[in-house]
Amino acid sequence: MTALDFISVRKTFGPNVALEGLDLDVKDGELITLLGPSGCGKTTALRIAAGFEFADSGAVLVGGADITRTPAHKRNMGMVFQSYSLFPNLTVANNIDFGLRTRKMHAADRHRRVGEMLELVELTKFADRYPHQLSGGQQQRVALARALAIQPRVLLLDEPLSALDAKVRTSLRDEIRRIQTEVGITTLFVTHDQEEALAISDRVCVMSQGNLEQLGTPTDVYRHPKTAFVARFVGSMNELPAEALGSGEVSVLDQRFAVPKAAKATTGERLHLLVRPEDLSLTTDGGFAGTVTSVTFQGASTLVGVRLDVLDRLVSVDVGQGAADHLSIGDRTAVVVDGSSAVCETV
Amino acid sequence: MMPGSSIGQMEINAAIADELLNTAPVGYVPPSAGKPRTRWARVFPALVLLLHALFFLAPLLTLARYSLQNVPAFLLGRETLFKKWSLKPLTMAFDHPSFGPALKLSLQLAVGTVAVTLLLLVPTAIWVHLRVPKARAMVEFFTVLPYMIPAIALVAGIIVIKPHARWFLNSDFSLIPFYVVLSLPFTYRSIDAGLRAIDLKTLVDASRSLGRGWAGTVLKVVIPNLRTSMISVSFLTAAVVIGEFTIADTLLKETLPRFQATFVGREPQAGYALNLLALLATTALFLLLSVLTRKRNPKRKTFEHRSAQLAAKGDLSS
C-alpha cells in the first residue's frame with residue numbers, strides 16, 4: 001500500500017524551477033532516500049511533504065488522502081532536521097513530550113511514551129539534560145525520539161547526519177535504520193551523500209535539477225544506472241572515448257567491448273563510455289598500457305590510479321585486498337575493461 | 001567496490017560510536033587552557049574592572065556627599081568625609097505632595113511602554129526574520145533613527161501636531177508612543193540579537209511539524225527562548241521612560257524626571273538626593289536583570305521523580 005504519494009508535483013521559486021513534476025510513491029514501512037546534489041529539489045520535495053512549502057501544481061497524498069493544502073501542524077508528520085532543532089529551553093524529556101502535549105494526551109500516557117522513546121534511542125539517563133549539555137549525536141537521537149513520539153504517518157529526515165563527524169554518522173545511520181525497521185514507519189530521507197543513501201535505503205530516488213533521474217534499489221542504482229548523471233553521481237566513474245559499432249559493441253581505439261547498454265546506439269556514433277573502477281582490472285598482458293600514478297589503500301580494497309599511454313587519460317582501478325601490494329608509483333601496467341555494466345553517453 | 005561497510009566493520013564502528021554517543025560532551029576548552037598565565041594577564045582584567053568601577057562610583061560618591069551631607073559644598077573635603085551624613089534630604093522628596101503622583105505616572109508609563117514595545121516588536125521581529133529576512137538591514141536602520149534624530153526634532157514635530165491631536169495628547173498616556181519610538185534603538189536590537197542567537201526557522205518548523213499552529217509556536221517556542229532578550233528590553237525601556245524629560249516637559253506631563261527638575265530648582269540638595277536614588281534604582285534594576293536572565297528553575301522535577309510520582313498514583317501501570 002502506498003503511504004506517501006507525490007503526483008506531478010511542481011514547485012518554482014521565482015524563475016528557478018525546484019521541482020519539475022515529481023512523481024514518487026513511497027510504500028508503507030519503506031525507507032526511500034532522495035539523493036542528489038545541492039539545488040536538485042530534494043529538500044523542497046521533503047518540505048512540501050512536511051507542509052512547510054506548498055506545491056504550485058500537482059498533489060501530495062498520505063494514505064490516499066490529499067494533503068496538498070493541509071497546513072504543516074495538521075499533517076502529523078515527524079521531522080528531523082539537519083541542525084538538531086531541539087528546543088533549547090526544554091530538557092530532553094520535555095522536548096520529546098512537546099508534540100504529545102500538543103495532542104492533549106493524558107499526563108501518565110505522555111510520560112510513559114516519553115520513557116519508551118528514551119529507551120528506543122537509549123538516552124534514558126539523559127532525560128533531564130538540556131540540549132546544550134548533549135553531543136551532536138545525542139541531540140539528533142533526541143530529535144528522532146521527539147519526531148517518533150507523536151506516532152507520525154511519515155517520518156521525514158532532512159540530512160540528519162550531515163552535521164556529525166564520520167564515526168557518529170555511521171553509527172547513527174545504522175541506528176536510524178534499526179529504529180525505522182523496528183517501528184515500521186514509512187520514511188523519506190534526504191541526503192547528498194551517496195554512500196549514506198545506498199547503505200540505509202530500501203529504494204533510492206536520484207534527483208537532478210528538479211527531475212527524478214532514477215528510482216530503484218541501491219543495487220539497481222549503483223550497478224545499473226539509467227542515465228549518465230546517475231552513473232556519475234552515485235559512486236565514481238571512469239570516462240573513456242568510444243565509438244558505437246552496432247549490436248551492443250563499442251570500440252575504444254582498436255579494442256572492442258560488448259556493452260549491452262550501447263545496443264541502441266547507431267553505428268559510428270561517438271560516445272562516452274562510463275565504467276566503474278571495479279569494472280576495470282590490471283593485467284600484464286593486453287589491455288591499455290599505462291603508468292601507475294597513485295596507490296590508495298582503502299581498507300577492504302585499493303584504488304590504483306593509472307595514466308593510459310594511448311588515451312593520455314587517468315583512470316581509477318579498484319583492485320581487491322592485497323592485489324596492489326606489489327605496485328608502486330611509476331610502475332608499468334595495463335588496464336582491461338569489462339563493459340557489461342558500463343553506461344554510454346552520446347557526445 | 002560497493003559503498004558500505006562489511007558487517008564486522010559496522011559492528012566495530014557501532015561500538016566506537018556508541019561509546020562516543022553515550023559519553024557526556026566535555027565542556028568547552030579555551031585554546032589558552034593549560035598555558036601558564038603571565039602576571040600581566042592576571043592583573044589586567046582586575047585593573048580594567050577597577051577603572052570601570054571608579055568611573056561609575058566616583059560621580060555617585062560625589063553626588064552622595066553633596067546631597068546627603070549637611071556640609072557646605074566648598075567645605076567638602078577629606079576632613080569632612082564622615083561628618084553630618086543624613087537621609088533627611090531623601091525624605092524631603094518623598095514628603096513632597098507631587099512626588100507620589102509623579103512616581104506613579106512614571107511607573108505606569110514604564111509598564112505601558114514595555115507592554116506596547118513587546119507587543120509591537122516581538123511579532124514584527126519574528127515576521128522579519130522568518131518572512132522577509134532581506135529587509136532586516138532596512139528595519140534595523142529605521143529603528144536606529146531615534147538615535148540620529150535629536151529629541152528636539154521630535155518635540156518640534158509634537159508642537160506641529162499638538163493643535164490637531166489634543167484629544168490624544170491631553171492624556172498622560174499619550175507619552176507611550178513617543179517612548180516606544182525613543183527606546184527603539186535599544187529594544188529592537190535586543191530582540192533581533194535574541195532571534196539571531198536561536199535557529200528560529202528550524203525551531204518554528206520543528207514546532208509546527210509537532211502539531212503547534214503559529215500562535216502556539218510563538219507562545220511555547222519562540223517567546224520562552226527570547227526570555228533574556230525580553231527581560232533586557234523591559235528594563236532598558238523602563239530606564240528610558242524613568243529618565244526622559246524633554247518630551248514630558250513639552251507635553252506638560254508630571255512625570256518623575258519633570259518633578260525632579262522642578263524640585264532641584266527649589267531644593268537643590270534634596271533634588272540631587274532624589275537623582276542619586278533614581279540612579280541607584282536603575283543600577284539595582286540592571287543587577288536584577290543579570291540575575292533574572294541567568295536563573296534556572298531549581299524546583300523543576302526530574303523525569304525519574306515524575307515517574308515515581310505517577311507510579312505511586314498507579315498511573316504508570318500499563
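Just so it is clear: chains get the letters A, B, ... in the order the sequence lines come, proteins before strands, and each one is counted from 1. All heavy atoms count here, side chains included; hydrogens, waters and symmetry mates do not.
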- Find the distance between CZ (B:R306) and CG (A:N94) and round it off to the nearest 0.5 Å. 10.0 Å
- Message: Any heavy-atom pair between the side chains of B:K220 and A:F87 that's under 4.5 Å?
- Response: no
- For A:S236, is it the side chain, the backbone, both or neither that has a heavy atom under 4.5 Å from a heavy atom of chain B? neither
- Item | Structural part of A:R169 lying under 4.5 Å from a heavy atom of chain B | neither
- Task: Sort B:S207 into side chain, backbone, both or neither according to what part of it lies under 4.5 angstrom from a heavy atom of chain A.
- Result: both
- Between B:S307 and A:H111 the two heavy atoms that sit nearest each other are OG-NE2, 2.6 Å
- Note on the structure: Heavy atoms of B:D199 and A:S83 approach each other most closely as OD2-OG, 2.9 Å
- Query: For the residue pair B:R212 and A:T102, what are the closest heavy atoms and their distance?
  - Reply: NE-OG1, 3.2 Å
- Counting only heavy atoms not in B:R131, do more than 12 fall under 6.0 Å of its CZ? no
- Just wondering, do A:Q82 and B:T202 contact through their side chains at under 4.5 Å, heavy atoms? no
- Structural part of A:L118 lying under 4.5 Å from a heavy atom of chain B: side chain
- Part of A:R146 lying under 4.5 Å from any heavy atom of chain B: both
- Distance (rounded to the nearest 0.5 Å) between B:L210 CG and A:D97 CG: 11.0 Å
- Where B:R208 and A:G51 come nearest, the two heavy atoms and their spacing: NH2-O, 4.3 Å
- If you tally heavy-atom pairs under 4.5 Å against chain A, which of B:D205, B:V221, B:T302, B:I198 wins? B:D205
- Message: Heavy-atom pairs under 4.5 Å with chain B - which of A:A72, A:P152, A:A127 has more of them than the others?
- Response: A:A72
- Message: A quick test of your reading: do over 12 heavy atoms of other residues, nucleotides or ligands sit less than 6.0 Å from CD of B:E304?
- Response: no
- Which heavy atom of A:P88 sits nearest a heavy atom of B:L203, and at what distance? CD-CD1, 3.9 Å
- So which part of A:A50 gets closer than 4.5 Å to some heavy atom of chain B, the side chain, the backbone, both or neither? neither
- Count the heavy-atom pairs under 4.5 Å between each of A:R75, A:M77, A:E196 and chain B, then report the option with the highest count. A:M77
- Message: If you count every heavy atom of other residues, nucleotides or ligands that lies below 6.0 Å from A:F54 atom CZ, does the total exceed 12?
- Response: yes
- From B:L310 CG over to A:R112 CZ, what is the distance, rounded to the nearest 0.5 angstrom? 9.0 Å
- Query: Any donor-acceptor pair under 3.5 Å linking the side chain of A:N89 with the backbone of B:N225?
  - Reply: no
- A:T91/B:F303 under side chain to side chain contact (heavy atoms under 4.5 Å, CB included): CA gap, chis, key distance, verdict: CA-CA 9 Å; A:T91 61; B:F303 185 73; over 6 Å; no
